[in-house]
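Scroll down for the structure; my scribbles are underneath it.
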Amino acid sequence: MKLILIGFGVVGQGFAEILRDKAVELKRKHGFAAAIIGVVTASKGALYRSDGLDIPALLEAAHGGCFSHYPDQPGLRRGWSADEMIAAGEADALVEVSPTNLETAQPALDICKLALDAGMHLVLANKGPVALDHANLRAQARAKGVQMRYEATVMAGTPTMHLAEDALAGCEILSARGILNGTTNYILTQMESGMSYEGALKQAQELGYAETDPTGDVEGWDAAGKVLILANALFGASLTMADLDVSGITHISAADIAEARAAGCRYKLIASATAEGGMVKAARLPLADPLASVGGSTNAITMKTDLLGDITLIGAGAGKLETGGAILADLLAIQRAAGPS
Ligand code: HSE
């Protein structure tokens with residue numbers, strides 16, 4: 001499978017590391033082999049090579065901060081735009097791992113549409129296009145007979161979307177509620193152990209949990225984007241941010257956390273979604289509530305279904321390999337859907 005990556009930050013690098021480290025196993029277990037033929041970034045430059053880029057050299061250049069450190073190779077093109085790479089028509093799938101923009105979803109949205117139009121499968125970790133324009137992207141993918149998958153957008157590689165769209169395909173999912181942002185859950189957990197808000201946020205950034213601009217995490221917008229994805233992609237809703245009631249954790253002080261603890265409670269940023277609307281709000285949960293014991297960057301979701309009642313999934317919500325693994329899972333699903341080769 002030939003891939004173009006848009007973005008090469010924490011998630012893109014995590015995915016590349018997985019391809020590097022699991023190449024033999026993936027070939028043996030799944031007959032899966034992938035080549036990264038193009039990478040476009042806003043800050044490091046762009047590289048394209050039809051026969052595949054050298055992944056260790058790509059990672060090394062990225063660690064050095066600029067693709068000018070990537071060695072010359074026969075057939076290597078430098079500085080191509082995403083449009084030029086898509087127009088070359090050689091990629092099987094476009095992998096969108098650039099920073100999320102929950103206001104306009106751009107520039108990723110236009111690139112996704114271009115790739116679908118060119119007949120490429122689309123895999124996203126970028127939440128913007130799925131949260132803001134899922135219905136149009138889905139329709140475009142169907143019209144072109146290609147797949148759009150976005151496991152990484154909600155709870156990293158914890159298989160929320162696979163569970164809902166594949167395993168629970170025969171169920172109606174009526175609502176979802178849980179902890180959907182790793183950064184804020186990490187901060188709240190660390191603050192309970194006495195760390196300052198600033199110190200915990202800095203750690204969350206260093207660990208690759210936070211968005212490029214962490215304001216979206218701490219003010220609840222990242223979780224709100226996930227609420228939109230759940231509502232629009234799983235419940236068939238057409239919600240926008242204006243339909244949601246959103247707040248974050250910035251108003252919660254160390255004193256609030258201590259007071260909650262003394263009362264046998266814990267603060268959690270709770271997100272909930274139905275087809276009619278949704279909210280993101282910090283809540284004081286009694287310790288007996290199962291969500292109260294979900295700590296660190298771990299996320300949890302309970303989906304209410306018509307046939308099976310409540311189903312709860314707990315697992316990684318953010319992180320380099322945790323999110324890179326979701327992209328791999330989506331690509332494997334795309335390969336499986338294409339049938340035996
Ligand atoms: N910034 C996000 C989080 C990354 O902290 O949950 C995963 O979507």
Side-chain angles (χ1 to χ4, degrees), residues 7-15 95-103 105 108 123-132 134 149-162 164 176-191 197 200-230 233 241 246-250 252 267-273 278 280-282 291 294-301 313-330:
F8 203 62
V10 173
V11 177
Q13 291 175 40
F15 170 61
V95 178
E96 228 308 335
V97 280
S98 70
T100 292
N101 168 352
L102 285 171
E103 278 162 25
V123 173
L124 300 106
N126 184 332
K127 287 152 265 199
V130 195
L132 304 191
H134 173 267
R149 301 200 69 110
Y150 36 85
E151 182 61 74
T153 59
V154 180
M155 289 177 68
T158 305
T160 319
M161 291 299 159
H162 278 76
R177 175 178 179 268
I179 297 172
L180 297 182
N181 181 268
T183 302
T184 46
N185 207 42
Y186 184 82
I187 293 172
L188 292 173
T189 306
Q190 295 297 83
M191 283 176 77
Y197 170 87
L201 172 58
K202 189 162 173 287
Q203 272 193 352
Q205 289 177 296
E206 284 163 4
L207 290 163
Y209 303 151
E211 297 300 300
T212 309
D213 176 0
T215 317
D217 291 296
V218 296
E219 292 186 350
W221 298 111
D222 176 80
K226 291 161 181 167
V227 166
L228 287 184
I229 293 171
L230 293 169
M241 282 295 183
V246 181
S247 57
I249 64 160
T250 47
I252 299 173
Y267 274 99
K268 292 289 172 192
L269 187 65
I270 302 297
S272 57
V280 177
K281 208 177 179 57
L291 288 182
V294 176
S297 65
T298 303
N299 282 189
I301 191 168
L313 191 61
I314 300 176
K320 189 180 188 182
L321 297 179
E322 293 85 341
T323 312
I327 294 166
L328 174 63
D330 279 345

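Numbers here simply count residues along the sequence, with the first being 1. Whatever order the structure lists them in is the order used to number ligands and atoms, beginning at 1.
- At a heavy-atom cutoff of 4.0 Å, ligand 1 is contacted by the side chain of D222 but not by its backbone.
- Considering backbone and side-chain atoms alike, N299 places every N or O at 3.5 Å or more from each N or O of ligand 1.
- In terms of polar-atom proximity, G182 is counted as a contact of ligand 1, with an N or O under 3.5 Å from an N or O of the ligand.
- In terms of modelled atom types and a separation under 3.5 Å, the side chain of N126 and the main chain of V97 share no donor-acceptor contact.
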With side chain to side chain contact (heavy atoms under 4.5 Å, CB included) as the test, would you mind laying out the steps for Y209 and V10 before giving the verdict? CA-CA 9 Å; Y209 303 151; V10 173; over 6 Å; no
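- At under 3.5 Å, a nitrogen or oxygen of K127, whether backbone or side chain, sits near a nitrogen or oxygen of ligand 1.
- Counting only distance, with no hydrogens or angles, the side chain of K127 and the backbone of G225 share no donor-acceptor pair below 3.5 Å.
- Residue-ligand proximity, N181 to ligand 1, at heavy-atom distances under 4.0 Å covers atoms 2 (C), 3 (C), 5 (O), 6 (O).
- No donor-acceptor pair closer than 3.5 Å links the side chain of E219 to the backbone N or O of S247.
- Judged by distance alone, with hydrogens and angles left aside, the side-chain atoms of N185 form a donor-acceptor pair with the main-chain N or O of V294 at under 3.5 Å.
- The ligand atoms of ligand 1 that sit less than 4.0 angstrom from a heavy atom of D217 are 1 (N), 2 (C), 3 (C), 5 (O).
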For Y150 and H134, what are the C-alpha separation, side-chain angles and deciding distance, and is it a side chain to side chain contact (heavy atoms under 4.5 Å, CB included)? CA-CA 10 Å; Y150 36 85; H134 173 267; 3.1 Å; yes
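- A donor-acceptor pair under 3.5 Å links the side-chain atoms of Q13 to the main chain of F8, judged by distance alone.
- In the vicinity of K226, heavy-atom distances shorter than 4.0 Å reach the ligand 1 atoms 2 (C), 3 (C), 6 (O), 7 (C), 8 (O).
- Here is the list of ligand 1 atoms found below 4.0 Å of a heavy atom in E211: 1 (N), 2 (C), 4 (C).
- Atoms of ligand 1 found under 4.0 Å from any heavy atom of Y209 (numbered from 1 in listed order, with element): 1 (N), 2 (C), 3 (C), 4 (C), 5 (O).
- Side-chain atoms of T158 come within 3.5 Å of backbone atoms of A316 as a donor-acceptor pair (strictly under, hydrogens ignored).
- The closest approach between any non-hydrogen atom of G317 and ligand 1 is below 4.0 Å.
- Comparing V218, L180, T183 by heavy-atom distance to atom 5 (O) of ligand 1, the nearest is T183.
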